[in-house]
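The structure under discussion appears below in the form of structure tokens.
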Amino acid sequence: GDLGLDLTCDDLGDVPARVYAIADNGSADYCSVIIAVQANDETVCGDNGNPLLAGVIMTESMNAVENVTVDLEGANDLTRSLTTGDNGTFSFTDLPAGQDYTLTPTHFSDYLNGVRTSDIVAITRHILGVNLLDSPYKHIAADVDGNTEIDVADIINIRRLILGLSETYPNGMPSWSFVPADYEFAQLDNPWAESFPSVSNFNNLSAAIIDADFIGAKLGDVNGSAIANSLTAVTPRNLRGDLLLELDEQEMTRGETYRVPVTAAELSEVDGYQFTLEFDRTAVALEAIEPGLVGEGNFGWRFADRGLITTSWNWTGAEVPTNWTGEEVLFTLVVRAETNGRLSDALEAGSRYTEAEAYERGGNGLRNLSLAFNEEVIRVAGYRLMQNLPNPVRKETTIGFEMPEAHAKVVIGITDASGRLVREYKQEGFIGYNSVVVSKRELGGASGVYSYTVTAGEWVATKRMVLIE
């Protein structure tokens, strides 16, 4: 609500700001700008006429980087240190003139900021030569082990961070790397063609320098999703449909152990996924996860005592294997029932640690990720409701049911995940087998988990089905 902005010597350098325009009707918008604050008199901002060193630390997309420790070293064991605020600026004043100084920015916290399986997907595609990283700072961000190469070891270390198996990168690597803003890389596609600086040196300092700026690269984040400062607005995820991991429903008996394979018919439509498998420890004990297409290294058990298993996976090749059918087992859950009940009441794909999301092929968007429990035939007093075939549904499916007696009216209702009635069919019911053919188009064409309920007299039975692209 301020109508003006007071800038002082503490603001020397580049200051990010927002300029708002507000119409009479109350509508408003803003643009982000950088204000270059300079001291026309080079001594005005130095105590006793002594020079100063000031600058701003930004990402390559011009977002200020907060919580960077900036160390200053000078002659006669002079040392100073400060931490950048939400505007990314720093300023060291009243420096003895004629001395040499070194500025060193570092950041060793919040390693997981901006790091997701989508970054692993992008790095994998770079390694395969499918989509190369297009800036030197993205190359630096991908080299999380600091060996000046982008390789599978970086993918392994990023995945360990996502899964919660590590809290930092190996070899003492920081969470951010910094390069002086005025440095020009010899090769944009290979920042290590020559050794690039991570500090700035100033010899025989005799005046105020207010553009000692740095560019920061968040290690592990090659798609620029890190929140660089507390003023940055969090962009809401635009989720387009669901990736469904399918498993059979289990009516569990306390003390019994169940092996439950997990499949995903639409896996070929995404580059990878991540989520937190959340399980109710009072209902089930997760004894093991047997690998299939998804290996042991794609799961993290660090938080298993809290009922959380982290998982991150992506295709390792540029294309889906030609022999992929969609029926392959991704992994198999081995659970022991701690109480009687349904498996679907004990398991959930959530975001407690690793956020649930899947990445459409080619970086075309995000999907939510959820579990779909397929149920067996429901039998009650001679009535049988069967699983729709095929399931999942791409175009159309058949819902079958059997009755021991005829009914003048049978109602088949289909609801979406929110419980909203999407379509209702009414027909006469005959002794024996009955069916209704349902097309995806009749249900509106949206992918997701749906429930179908058959009502005949006092008999009511419900099962679930999955619609996919």
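Side chains are part of it too, since the values below use all heavy atoms of this structure and drop only hydrogens, waters and symmetry mates. In what follows, residues are counted from 1 in the order of the sequence shown.
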Hey, is the main chain of [Y] close enough, under 3.5 Å, to the side chain of [X] for a donor-acceptor pair?
{"X": "Gln387", "Y": "Arg464", "result": "yes"}
{"X": "Lys440", "Y": "Ile468", "result": "yes"}
{"X": "Asp151", "Y": "Ala153", "result": "yes"}
{"X": "Lys409", "Y": "Gly457", "result": "no"}
{"X": "Ser225", "Y": "Gly114", "result": "yes"}
{"X": "Thr397", "Y": "Leu389", "result": "yes"}
{"X": "Thr84", "Y": "Asn67", "result": "yes"}
{"X": "Asn298", "Y": "Ser312", "result": "yes"}
{"X": "Ser175", "Y": "Ser109", "result": "yes"}
{"X": "Tyr383", "Y": "Ala456", "result": "no"}

What are the two closest heavy atoms between [X] and [Y], and how far apart are they?
{"X": "Ala142", "Y": "Leu133", "answer": "CB-CD1, 3.9 Å"}
{"X": "Ser370", "Y": "Ala349", "answer": "CA-CB, 4.1 Å"}
{"X": "Leu247", "Y": "Pro261", "answer": "CB-O, 3.6 Å"}
{"X": "Met252", "Y": "Ala337", "answer": "CB-CB, 3.8 Å"}
{"X": "Asp145", "Y": "Asn171", "answer": "O-ND2, 2.9 Å"}
{"X": "Leu231", "Y": "Arg18", "answer": "O-NH2, 3.6 Å"}

Test side chain to side chain contact (heavy atoms under 4.5 Å, CB included) applied to Glu402 and Met386, step by step: CA-CA 8 Å; Glu402 294 181 354; Met386 289 164 271; 3.8 Å; yes
Looking at [X], I'd like to know if its [atom1] atom is crowded, meaning that more than 12 non-hydrogen atoms belonging to other residues, nucleotides or ligands lie closer than 6.0 Å.
{"X": "Arg352", "atom1": "CZ", "value": "no"}
{"X": "Glu428", "atom1": "CD", "value": "yes"}
{"X": "Glu405", "atom1": "CD", "value": "yes"}
{"X": "Glu424", "atom1": "CD", "value": "yes"}

Salt bridge (Lys or Arg N to Asp or Glu O under 4.0 Å) between Glu251 and Arg342, intermediate numbers included: CA-CA 5 Å; Glu251 293 289 346; Arg342 293 162 63 91; 2.9 Å; yes
How many angstroms lie between [atom1] in [X] and [atom2] in [Y], if you round to the nearest 0.5 Å?
{"X": "Asn190", "Y": "Glu149", "atom1": "CG", "atom2": "CD", "result": "10.0 Å"}
{"X": "Ile158", "Y": "Arg116", "atom1": "CD1", "atom2": "CZ", "result": "13.5 Å"}
{"X": "Asp143", "Y": "Asn157", "atom1": "CG", "atom2": "CG", "result": "10.0 Å"}
{"X": "Asp189", "Y": "Leu132", "atom1": "CG", "atom2": "CG", "result": "8.0 Å"}
{"X": "Gln274", "Y": "Thr310", "atom1": "CD", "atom2": "OG1", "result": "9.5 Å"}
{"X": "Asn368", "Y": "Leu244", "atom1": "CG", "atom2": "CG", "result": "9.0 Å"}

Find out whether [X] and [Y] are in side-chain contact, i.e. whether some heavy atom of one side chain is under 4.5 Å from a heavy atom of the other.
{"X": "Leu286", "Y": "Leu333", "value": "yes"}
{"X": "Val411", "Y": "Thr453", "value": "no"}
{"X": "Val70", "Y": "Leu82", "value": "yes"}
{"X": "Val260", "Y": "Phe373", "value": "no"}
{"X": "Thr311", "Y": "Phe275", "value": "yes"}
{"X": "Ile412", "Y": "Gln427", "value": "yes"}
{"X": "His139", "Y": "Ile150", "value": "yes"}
{"X": "Pro16", "Y": "Met62", "value": "no"}

Cationic N near anionic O, under 4.0 Å, Asp242 to Arg367: no
N-O pairing of Glu249 and Lys463 below 4.0 Å: no
Distance-only side-chain donor-acceptor flag, Asn223 / Asp119, under 3.5 Å: yes
Tyr258 versus Glu287, side-chain donor and acceptor atoms under 3.5 Å: no
Salt bridge (Lys or Arg N to Asp or Glu O under 4.0 Å) evaluation trace for Arg302 with Glu167: CA-CA 11 Å; Arg302 179 182 176 186; Glu167 295 183 351; 2.6 Å; yes
Angle class for the [X]/[Y] ring planes (parallel below 30°, perpendicular above 60°, tilted otherwise)?
{"X": "Trp315", "Y": "Trp324", "answer": "perpendicular"}
{"X": "Tyr20", "Y": "Tyr30", "answer": "tilted"}
{"X": "Trp176", "Y": "His107", "answer": "tilted"}
{"X": "Phe401", "Y": "Trp459", "answer": "tilted"}
{"X": "Phe90", "Y": "Phe214", "answer": "tilted"}

Proximity of Phe178 and Tyr183 rings by center, below 6.0 Å: no
Working for side chain to side chain contact (heavy atoms under 4.5 Å, CB included), residues Asp345 and Asp280: CA-CA 8 Å; Asp345 294 330; Asp280 182 354; over 6 Å; no
From CA spacing to verdict: side chain to side chain contact (heavy atoms under 4.5 Å, CB included), Thr282, Thr339: CA-CA 7 Å; Thr282 66; Thr339 186; over 6 Å; no
Glu442/Ile414 under side chain to side chain contact (heavy atoms under 4.5 Å, CB included): CA gap, chis, key distance, verdict: CA-CA 11 Å; Glu442 291 174 335; Ile414 299 177; over 6 Å; no
